[in-house]
There are 2 protein chains.
Amino acid sequence: MPGTLHRSPRKAKGAGAERREEILAAALRLFGEYGLYGVSTRHIAQAVGVSQPTLYAYFASKDEIAAELHARAFRELEARLKLGVRDVDTLEAVAASLRIYIDFGLENPDAYRVAFMIEGPHGRVAVAGPADESDVSVPGHTAFDILRRMIADLHARGLGAGDDPERMAQSIWAGMHGLVSLLIARPGFPWAEREALVAGHVRMLAAMAMRRDG
Amino acid sequence: MPGTLHRSPRKAKGAGAERREEILAAALRLFGEYGLYGVSTRHIAQAVGVSQPTLYAYFASKDEIAAELHARAFRELEARLKLGVRDVDTLEAVAASLRIYIDFGLENPDAYRVAFMIEGPHGRVAVAGPADESDVSVPGHTAFDILRRMIADLHARGLGAGDDPERMAQSIWAGMHGLVSLLIARPGFPWAEREALVAGHVRMLAAMAMRRDG
DNA sequence: ACAGATTACCGATCATCGATCACTTATCAA
DNA sequence: TTGATAAGTGATCGATGATCGGTAATCTGT
C-alpha cells in the first residue's frame, strides 16, 4: 500500500507560496551554519517539516535553492546601498557608504557566504540567471555599479584623479570583500577588535578613493 | 572468485611513497579545475590509475587530501615570502613584497583556492593539524607573521604611525586576499587589465601601510 | 629454494546523497 | 457528485565517501 499518508497536507487554506519561503528560510539558516555541502536536502526538508521530494515541487534542484538565496542577498544589498549612499563630499561620507557593504556582510554572514563565498559547480561561484557574468543583469553588478558610480562621482569632483575610476572601484570592492570574507571564514583567527578594524579599513579605502596624488 | 587481478601492482621497485605524490598531484589539478565538491574520489583514483579504495591506504579521507594540499600551499607561500620580503624602505619595495602574495595566488589558483577559499566541514575553512586557529603552528599564521613583521618594521621607522600595526597588517592582508579571491572566483567579471589592476592595488595598500597621517 | 611476513592493491559493499517516479490525499469548480 | 488540480508521500535510482575481507607481488630469513 504505497503512498499512504496519515498526516494532513496543507495545514491551512492558501498555504500556496508560503512553503517556498519556509524552505528558503530553513535553507539559509542551515547553509550559513553548516555550509552548502554540509546540509542535505533531507535536512532542509526535516527542518521545514515535509518530506524530501517536496522540495523539488518548489525548486528544480538544491543549487536552485542556493541560487535564489544568492539573488535575494544581492537584491537586499543593492537596496541598502541605494538607500544609504548619498553625498560623497567628505571622507567620512565615503567611508560610511563603504561600511554599508561591510556591515551587510557581517550582519548577514549566511547570505554573504551564499552570495560570494560558496564555490558552485566547476569551482565557479553559483549564479542565478544567465551564466555570463559580463551581463549587467547578473545579480551583483547592480551593487557594483553603485560603487562604480560613487567613484566616478569623486573623479568628477577632481578627487582620485590619478587612477582609472574603474580600476579604483574594483580595488575598493576587493578591499571590502577581503575583510568581510576573512572575518566570516576565519572566526578563530586572533582578529583585532572588530569595530576598530572595520572603521580603520573603510577609512583606509575611502582615503585611497579620494586621494589627489597619483 | 573475488579479488582476482590481472594487472600487476607495483610497476617498478620501491614505488612506495610516490603513489602519495601522484594522488596529491592529480587531486590538486582536479580540485582546481572542478572544485573540491566537483571531484569524486573515483575521479582522483582514475586519474592516478588505481582503484578508489587505494586512496584510503594513503589518506584517511578525501578531506585529508585537501588538507595536505592546503598545508603545502601555505608552506610554499611562506617560502616565497621569506625569500622575497627584504628591505621595506621605499613604497616600491613594500609594494613588491605585497605582490609576492598576490602573484602566488594568481599563479597557483588551485592551491590558493584549496588553501583559502574552499569551505570545509561546518562552513569553516579546512585546516590541517590543530583546529584552533589561534595556535601559531596552524599553517598560514607564519605567512601572516611575515606580513605583520613587515608592518611592524615600518612602524618602527616612524611610518604608518597613526594606526595599530596589528590592525594595519590585518587590513592589508584582507586587501590582498580580496583581490586574489575575487579574480580567481569570478573570471567572467569584466575586470580591468590585470597587471594594471594588481599593480595599482598593491601600490594602494603599500601607500596605506606607509602613510604618516593618521 | 622455500616459507612466512609485509606491502600494495582490488572487488564488493555500506549508508548517504541529490534527484525522479508513480501514487495518494485534500480541496475546489462545475 | 464528479472531474481537475494542488500538495505531498514512499520507494527507488545512480553516484558518492568510506570500509571490509581477500589476493597478488615482493621482501626477508633460513
Side-chain angles (χ1 to χ4, degrees), chain A residues 1-24 26-27 30-31 34-69 118-122 126, chain B residues 1-24 26-27 30-31 34-69 118-122 126:
Chain A
M1 197 193 283
T4 306
L5 170 68
H6 298 103
R7 275 172 295 165
S8 63
R10 187 179 295 184
K11 300 164 186 171
K13 62 173 182 179
E18 294 175 12
R19 264 289 137 78
R20 189 181 163 91
E21 297 303 316
E22 289 183 70
I23 293 169
L24 287 170
L30 291 171
F31 286 163
Y34 302 106
L36 177 57
Y37 298 97
V39 176
S40 71
T41 54
R42 286 168 180 81
H43 293 154
I44 299 172
Q46 189 175 34
V48 175
V50 298
S51 72
Q52 182 243 4
T54 293
L55 303 185
Y56 292 84
Y58 298 91
F59 300 93
S61 68
K62 182 184 174 184
D63 281 346
E64 200 183 271
I65 299 178
E68 173 68 26
L69 294 172
I118 286 180
E119 68 162 338
H122 298 77
Chain B
M1 197 195 283
T4 306
L5 171 69
H6 297 104
R7 275 172 294 163
S8 62
R10 187 178 294 186
K11 300 163 186 171
K13 62 173 182 179
E18 294 176 11
R19 268 276 187 268
R20 189 182 162 91
E21 297 303 316
E22 290 182 69
I23 294 168
L24 287 170
L30 291 170
F31 286 164
Y34 303 106
L36 176 57
Y37 297 98
V39 176
S40 71
T41 54
R42 285 167 180 83
H43 294 153
I44 299 172
Q46 188 176 33
V48 175
V50 297
S51 74
Q52 182 244 4
T54 294
L55 302 185
Y56 292 83
Y58 299 92
F59 300 93
S61 67
K62 182 185 175 185
D63 281 345
E64 199 184 90
I65 300 178
E68 173 68 26
L69 294 173
I118 286 181
E119 65 161 341
H122 299 73

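Side chains are part of it too, since the values below use all heavy atoms of this structure and drop only hydrogens, waters and symmetry mates. Each chain gets a letter, A, B and so on, in the order its sequence line appears, and its residues count up from 1.
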Which nucleotide wins on minimum distance to the side chain of [X], given the candidates [options]?
X: B/T41; options: D/dG17, C/dC17, D/dT9; value: D/dG17
X: A/Y56; options: D/dG8, C/dA19, D/dT9; value: C/dA19
X: B/P53; options: D/dT9, C/dC10, C/dC9; value: C/dC10
X: B/R42; options: C/dG18, D/dT9, D/dG17; value: D/dG17
X: A/S51; options: C/dC10, C/dC17, D/dT9; value: D/dT9

Interatomic distance where [atom1] belongs to [X] and [atom2] belongs to [N] [whole Å]:
X: A/E64; N: C/dA19; atom1: CD; atom2: C1'; answer: 13 Å
X: A/I23; N: C/dA19; atom1: CD1; atom2: P; answer: 13 Å
X: B/K62; N: C/dC17; atom1: NZ; atom2: C1'; answer: 12 Å
X: A/D63; N: C/dG18; atom1: CG; atom2: C1'; answer: 10 Å

Requested in this report: Please report the closest heavy-atom contact between A/L30 and A/V39, naming both atoms and the distance.
Outcome: O-CG2, 3.3 Å
Query raised in the report: Which part of the nucleic acid, if any, lies within contact of A/T54, taking any heavy atom under 4.0 Å across all strands shown: a base, the sugar-phosphate backbone alone, or nothing?
Result: base
Query raised in the report: How long is the span from the NE2 atom in B/H43 to the CZ atom in B/F31, to the nearest 0.5 Å?
Result: 11.5 Å
Report task. To the nearest 0.5 angstrom, please state how far the CD1 atom of B/I23 sits from the CG atom of B/L69. Result -> 11.0 Å
Query - Residue met sooner reading DNA chain D from 5', once A/A57 and A/Q52 are mapped to nucleotides - result: A/A57
Requested in this report: Please examine the side chains of B/Y58 and B/I65, heavy atoms only from C-beta on, and report whether any two atoms are closer than 4.5 Å.
Outcome: no
